[in-house]
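Structure, as structure tokens:
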Amino acid sequence: MVKHYRLIVSYNRRAWCHIDSNVPWIDEVLEDIQTRFPSDAGYHIEILVATDEHRIVEYTSQGPRLLMSEPTFY
């Protein structure tokens, strides 16, 4: 199973953006992000991995149906 990552990018100690990725080639993604947002230019990248997920499920006479899934990062 592919892990879900959240990359939190800060610039000069202020939140800049976050990037969610769940691709098998995450090493390439991390390398590319670190190249685009270098630490010597004031960027900081925090890498979080989803450890769980919240789900909203609907149960009907036809069976259960997943309505929403949201990863939980720590």
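- Listed by chain and number, the hydrophobic cluster partners of M68 are I56, L67, where partners are ILVMFWY side chains within reach of under 4.5 Å, directly or through others.
- Take S39 and apply the side-chain contact (heavy atoms from CB on, under 4.5 Å) test, not counting sequence neighbours, and it matches no residue.
- For residues 9-27, every residue pair satisfying the side chain to side chain donor-acceptor pair (under 3.5 Å) rule, not counting sequence neighbours, is listed here: R6-D20.
- Between the OH atom of Y5 and the CG atom of L30 there is a distance of 7.0 Å, given to the nearest 0.5 Å.
- Residue pairs meeting the side chain to side chain donor-acceptor pair (under 3.5 Å) criterion with at least one member in residues 43-55, sequence neighbours excluded, are E53-R55, E53-S69, H54-T72.
- Think of Y59 as one node in a network of Ile, Leu, Val, Met, Phe, Trp and Tyr side chains linked at under 4.5 Å; its network also takes in V57, L66.
- With a 6.0 Å radius and a threshold of 12 heavy atoms from other residues, nucleotides or ligands, E31 has its CD atom at or below the threshold.
- Nearest heavy atom pair, residue V23 against residue V29, reads CG2-CG2, 3.8 Å.
- When hydrophobic side chains of Ile, Leu, Val, Met, Phe, Trp and Tyr are connected at separations under 4.5 Å, I8 ends up clustered with L48, F73.
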